[in-house]
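Note that ligands are numbered from 1 as they come in the structure, with each ligand's atoms numbered from 1 the same way.
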Amino acid sequence: MSDLPTGPRTQPIELGVLVSGRGTNLQAIIDAIAQGELRAEVALVICNHPEAEAIDRAQKAGIAVELCKREDFPSRLAHQRAIAGKFAEAKVDLVVCAGWDRVLSPEVVQEFAGRIINIHPSLLPSFGGRLHAIEDALNYGVKITGCTVHFVTDEIDSGPIISQAAVLITAEETPETLAKKIHEQEHRLLVEAIKLYSEGRLYIDGQLVKRTTIA
Ligand code: GRF
């Protein structure tokens, strides 16, 4: 996959956000936009679980949100094609997986090649492809973990890395204290990555993500 820097935009970037749970990363995006820190609009939030707190967060912010449950579609691909269609219809520039618990099909990744990013709660490539990467890192006994924002490719949690933040694991760490530390870093890192993308400052060169300096 390769991509050229897009350069500064005249219009705010349109985001499509995929969520499955609490939506604290979505909230960080909403807050950054409200505070003028991020020049973007959330065009559409898609959630796959009806009870997810993320839905309330989107609604409270007055953002269009659609529930798209896997079980309402005959196949995984049909489900994801429907999601891709909704994002295309909403003219989304960038898809953000902000706590999305399903692996995206190659067809969907292809359609948005170089325009999908994901936040993962570990320092990839360690603890990639896992739903419980925070607990897994703690149980493994690593002393440093963190989070990663990366472009999404066909291979799970293996796409070009945009940015990472490290978190120290102390002797007293519990899954709860570690999750709190990682989430704080995630919120900062995800907003920063979207900002860099929206400013046209990221481009993909093979497995590497390079940054242009501000013009
Ligand atoms: C985050 O830890 C993210 O890295 C992982 O799922 C969690 C989502 O948290 N993929 P939230 O829904 O944004 O609060």
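Under the rule for a ring-ring contact (aromatic ring centres under 6.0 Å, His included), the partners of H79 that lie at least two apart in sequence or sit in another chain are F73.
If you run salt bridge (Lys or Arg N to Asp or Glu O under 4.0 Å) between E184 and each of K180, K181, R188, only K180 comes through. None of I117, V149, V17, L18 except one satisfies the side chain to side chain contact (heavy atoms under 4.5 Å, CB included) rule with C97; the exception is L18.
In plain terms, the two heavy atoms of N48 and S20 that are nearest each other are OD1-OG, 2.9 Å.
Closer than 4.0 angstrom to ligand 1 sit non-hydrogen atoms from G21, R22, G23, T24, N25, A98, G99, I119, H120, P121, H183, E186.
Separation of atoms OG1 (T148) and CD (Q164) is listed at 3.5 Å; rounding is to 0.5 Å. Atoms OG and CZ, on S75 and R70 in that order, are 6.0 Å from each other to the nearest 0.5 Å.
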